[in-house]
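Below is one structure, written out as structure tokens; the observations come after it.
Note that the structure is predicted; figures quoted are calculated from it, not measured. In each ligand, atom 1 is the first atom listed, and ligand 1 is the first ligand listed.
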Amino acid sequence: MTYQANPKFSIPVTRTAHPKTRPADDSLSFGTVFTDHIFVMDYEEGKGWHDPRIIPYEAFSLDPASSVLHYAQAVFDGLKAFRGKDGEVRLFRPRKHAERLNKSCERLCIPELDVELVLESFRRLVDVDRDWVPSKAGTSLYLRPTVIANENFLGVRPAKAYTYFLILSPVGPYYAEGINPVKILAADEYVRAVPGGLGAAKTAANYAASLYGAEVAKKAGYTQVLWLDGVQHKYLDEVGTMNIMVKIGDEIVTPALNGAILAGVTRDSILTLMRDWGLKVSERAISIDEVIEASKKGTLAEMWGTGTAAVVSPVGELGYKGQKIIINGGKTGELTQKLYDAIVGIQYGQTNDAHGWTEPVVKG
Ligand SMILES: *Cc1c(COP(=O)(O)O)cnc(C)c1O
């Protein structure tokens, strides 16, 4: 898929007079370093979204009464650009992420964005900061589009002013030493989301809600929480901030999108690949008891989380009410590894992109 700058949008670019020193690819971790520029756009009632612009990266000034600081009317998304061996910079499924950002906006009563303009913000900002896309294997440029309510008003209602911004961060490989299985603890007390709540939106509040349960799991020696449904504490929901998949016998099961679960782009990509490969894939409710039962019968083959940051995160150990279940001998499963390799191959332009998921960032 090729793309030409959309002439519909006039996006002035003010280049920085003080470019930063770029860190070496070897030193990159996650989300600590930001590029030279930022894309910003404002919304006011009556005026709509206006003034899209690329300016030098700088701190915002927010009034202490700014609504986002009080009632968390904020949404974001997260996607990546990859530099292939051919030097080409590719975005992975940018339209899907732009559309999801809009869905999150709707749930948080934030005025709709023009998906084409959001896409344009991805393309043009990555182009302006193209030199920041690292090239070492496993590295990438993380894009964080965000919308915040920004009206100076303490009343409780949707704000009448907003700011959209996009920042970029060069990030290191998630797995510097090969894929590493994690230990997860099923949460039987705390919940992340409930049907009818905010779980299906990518919003700051969900992350705030998840912190306490995650700390409880960490104190018990686990890396992540396996969230169970918010009503019966019985059905698998998500793992940490990733979607969850379980292979039992020859069936791969992931919870259906029931309103509490975020529709991950990686989840969708992996389901598509597995269906392409003729595997038996089910989107249905799956209880923690079913997982434990499968483990006892010896049919629990693999378990993994999916998300943009890691692609897949294999689960080596599952804790639940004092029981410890070891999955695939605590090692990365064959299918988990195969899925990781397939997605990464597409992202870096090394294998055929049959579904047209990547979009080269054209030089402006
Ligand atoms: C972002 C996110 C995911 C993963 O989505 P991807 O599009 O695959 O990165 C899963 N669960 C939650 C709660 C998330 O916020």
Side-chain angles (χ1 to χ4, degrees), residues 30-31 72 74-82 91-105 107-108 115 118-119 122 140-147 169 171 174-175 182 184 187 190-195 197-214 217 223-230 235-246 254-274 283 303-315 336 339-340 342-344 346-347 355 357-359:
F30 181 81
V75 299
F76 64 93
D77 220 284
L79 65 155
K80 284 176 168 178
F82 302 85
L91 289 162
F92 186 70
R93 308 196 74 180
R95 184 173 293 274
K96 195 98 176 146
H97 285 278
E99 287 168 353
R100 185 172 69 188
L101 184 66
N102 240 354
K103 282 200 194 108
S104 301
C105 283
R107 182 64 182 82
L108 273 288
V115 169
V118 171
L119 271 168
F122 299 168
S140 57
L141 185 72
Y142 183 78
L143 286 74
R144 171 53 65 86
T146 308
V147 189
S169 174
V171 299
Y174 197 89
Y175 297 109
V182 294
I184 65 171
Y190 301 102
V191 299
R192 187 193 78 90
V194 290
L198 298 178
K202 211 164 173 79
T203 175
N206 283 336
Y207 281 67
S210 75
L211 296 177
Y212 195 90
T223 318
Q224 289 290 356
V225 187
L226 176 63
W227 299 108
L228 300 179
D229 79 273
Y235 295 97
L236 273 54
D237 180 2
E238 298 202 43
V239 57
T241 57
M242 303 179 98
N243 295 111
I244 185 78
M245 298 188 180
V246 190
T254 194
L257 300 175
N258 62 3
I261 290 169
L262 199 275
V265 176
T266 317
R267 174 187 182 278
D268 180 80
S269 307
I270 281 182
L271 291 178
T272 302
L273 287 181
M274 292 193 298
E283 296 177 65
M303 188 167 183
W304 65 88
T306 71
T308 293
V311 183
V312 292
S313 178
V315 177
T336 310
L339 287 163
Y340 177 81
I343 297 276
V344 168
I346 295 169
Q347 289 173 333
H355 295 279
W357 285 337
T358 59
E359 184 191 294

Suppose we screen for side chain to side chain contact (heavy atoms under 4.5 Å, CB included). Which residues come up paired with Tyr175, at least two apart in sequence or across chains? Ile179, Asn180, Ala310, Ser313, Pro314, Tyr340
Residue list, side chain to side chain contact (heavy atoms under 4.5 Å, CB included) with Ala98, at least two apart or on another chain: Val115, Val118, Leu119, Phe122
For residues Tyr142 and Phe30, establish whether the separation of their ring centroids is below 6.0 Å. yes
Side-chain heavy atoms of Leu271 within contact of Thr254, under 4.5 Å: yes
Could you list the donor-acceptor pairs under 3.5 angstrom formed by side chains in residues 200-208, with sequence neighbours left out?
residue	atom	partner	partner atom	Å
Thr203	OG1	Ala74	O	2.7
Asn206	ND2	Leu198	O	2.8
Asn206	ND2	Ala201	O	2.8

List, ordered by chain and residue number, the protein residues whose closest non-hydrogen atom lies under 4.0 Å from any atom of ligand 1. His97, Arg100, Arg192, Lys202, Tyr207, Glu238, Thr241, Met242, Asn243, Leu262, Gly264, Val265, Thr266, Gly307, Thr308
Quick one: CD1 on Ile343 to CD1 on Ile270, what's the gap to the nearest 0.5 Å?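 Going from the CD1 atom of Ile343 to the CD1 atom of Ile270 covers 5.0 Å.
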